[in-house]
Amino acid sequence: MDAPRPLHGPDAFPRELSGRIADWIDDRLAGAPLGRTVAPSEMYPLLEGAITAEGVGAEAAWDRFTSTVAPNTVALDSERYLAFIPVSPSAAGVWMEAAVGAATFSAESWLEAAGAVAAENQTLRWLADLMGLPAQAGGCFMSGGSIGNLSALTVARDQCRPGQRVVACADTAHASVFNSMHMLGLTEVVVVPTGDDGRFTGAALAAALGDRTDVGIVVAAGGSTNAGVVDDLAGLADVAERLGAWLHVDAAYGGAALLLPERRHLFDGIERANSVIVDPHKWLFAPEGSCALLYRDPDLAREVHTQHGPYIDVLHGDEPLWNPSDFGYQLTRRATGLPLWFALVAHGEDAYRAAVRVALHLTAAAVERLEAAPGVSLVMPPSLGVVLFRRDGWGRDEWKAWGERVLREGIAFVAASTWKGEPVGRLVFMHPRTPVEVIDQIVATLSD
Ligand SMILES: *Cc1c(COP(=O)(O)O)cnc(C)c1O
């Protein structure tokens with residue numbers, strides 16, 4: 001019997017194949033094909049028998065990946081992906097992501113990964129400065145906005161005084177906010193309805209609460225996911241302050257717009273938040289799996305999230321070290337802030353500002369063309385990179401058919417949405433290389 005193939009060491013993987021994989025990554029970074037989505041009945045048979053006792057060898061396994069796995073996915077990184085929230089990682093970010101995976105920077109603790117943690121903290125400080133958070137603010141990078149919201153809201157819950165465990169948020173809050181409240185046993189929620197502009201304001205919160213004083217947590221959006229609306233953070237901070245409540249700002253999608261002087265005013269008040277999240281894997285062009293979580297007072301998070309046990313207490317030395325796992329619900333942790341750090345160091349803040357701004361130019365172009373199209377109207381003027389629009393006479397079925405057609409014709413990947421219960425079209429601009437012709441092609445599909 002042959003010896004099993006070695007998993008490790010210099011003979012574990014053919015060098016020639018590593019080169020081919022690097023080429024595949026470079027090709028992907030040059031421009032990702034839109035990809036496709038398939039039915040389970042078509043997909044699973046393609047993988048049948050792939051896992052065997054002896055293995056097929058790295059070349060054959062890679063061929064299986066490139067022929068069956070990769071093509072049967074939709075490319076969120078495509079220039080023509082305009083649905084949900086795209087992920088448009090920078091080339092530098094992708095290569096650092098590969099290096100981070102290879103090096104296994106286990107960045108839960110300072111002891112194990114001082115270099116990685118310090119670089120991540122430098123990046124968190126950069127974000128905190130954009131927000132105007134005080135010098136002691138800090139936190140960690142996590143895998144995404146959902147776990148970031150859960151981690152922050154856990155700390156918020158533990159700060160609630162007895163009789164003050166009610167949460168207030170808007171009807172536009174992200175699904176993960178509602179799921180987090182459920183997981184945290186925060187059963188009482190005041191869901192404040194937003195008006196036609198989709199904006200959660202301090203005045204609306206005050207009106208909804210009347211003379212209630214039992215609200216201990218206020219959740220605001222720094223760019224709602226469905227419509228890209230930034231809530232009235234200053235007004236909400238006023239109400240939260242009056243109540244002695246924790247203000248959490250979910251800027252997972254929109255936080256990147258803090259970089260733009262022409263949009264910065266929308267975020268006034270964010271400097272008063274007790275916790276904030278921003279997803280670098282959204283509009284800050286990091287590869288998938290990155291959320292920046294910041295606390296105004298990180299010590300409060302430490303009390304909640306530090307994990308104790310006989311074999312990990314050594315991580316907490318005599319002098320307090322910065323262990324990212326003390327600030328969110330995750331122990332073993334990939335250094336998911338390093339790709340952003342690396343790309344920022346390489347390209348500089350100005351390059352980020354320019355890249356983020358492209359989405360606003362594309363959005364403005366879409367607004368102009370949609371407004372000119374017969375039978376088409378905007379739901380609201382967009383404030384960030386999300387456009388919601390109506391088409392006379394179109395309901396759920398027409399919008400569904402529209403999405404399928406736009407993909408089938410290779411124009412773009414789009415997904416319809418609803419606004420206050422009404423089916424509407426939705427486009428999200430993010431990739432700086434999205435050609436403006438895509439907008440014309442999409443607008444054309446609305447007229448016939
Ligand atoms: C995307 C998003 C989330 C969830 O983030 P994930 O990284 O997908 O877990 C939370 N809140 C808002 C506003 C978002 O846009």
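For clarity, every value in this text was computed on a predicted model and none was experimentally measured. All ligand and atom numbering here is 1-based and tracks the order in the structure.
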Can you tell me which residue and heavy atom of the protein come closest to [atom], and the distance to 0.1 Å?
atom                    : result
atom 4 (C) of ligand 1  : H174 CE1, 3.4 Å
atom 13 (C) of ligand 1 : T225 OG1, 3.2 Å
atom 2 (C) of ligand 1  : K282 NZ, 2.3 Å

Describe, in one word, how the ring planes of H308 and H316 are oriented to each other, choosing from parallel (under 30°), tilted (30 to 60°) and perpendicular (over 60°). tilted
Parallel, tilted or perpendicular for F413 and F84, by the 30°/60° rule? tilted
Identify which of D250, V278, V219, I277 has a heavy atom lying nearest to atom 12 (C) of ligand 1. D250
State whether [X] and [Y] are salt-bridged, where the test is any N-O pair (Lys NZ or Arg NE/NH1/NH2 against Asp/Glu carboxylate O) under 4.0 Å.
X    : Y    : value
D129 : R125 : yes
D397 : K400 : no
D196 : K420 : no
E398 : R391 : no

Begin with the C-alpha distance, continue with both residues' side-chain angles, and end with the deciding distance and a verdict on side-chain hydrogen bond (donor to acceptor under 3.5 Å, both in side chains) for S275 and H248. CA-CA 5 Å; S275 53; H248 174 66; 2.8 Å; yes
Are any of the N/O atoms on G145, whether in the backbone or the side chain, positioned under 3.5 angstrom from an N/O atom of ligand 1? yes
Geometric N/O contact S224 with ligand 1, under 3.5 angstrom: no
At under 4.0 Å between heavy atoms, which part of N149 makes contact with ligand 1: side chain, backbone, both or neither? side chain
One residue to check: S176. Relative to ligand 1, which of side chain, backbone, both or neither has a non-hydrogen atom less than 4.0 Å away? side chain
Close-contact set for ligand 1 against [X] heavy atoms, below 4.0 Å:
X    : result
S146 : 4 (C), 5 (O), 6 (P), 9 (O)
Y253 : 15 (O)
H281 : 7 (O)
G144 : 7 (O), 9 (O)

Is there a side-chain contact between E108 and I312 (heavy atoms, below 4.5 Å)? no
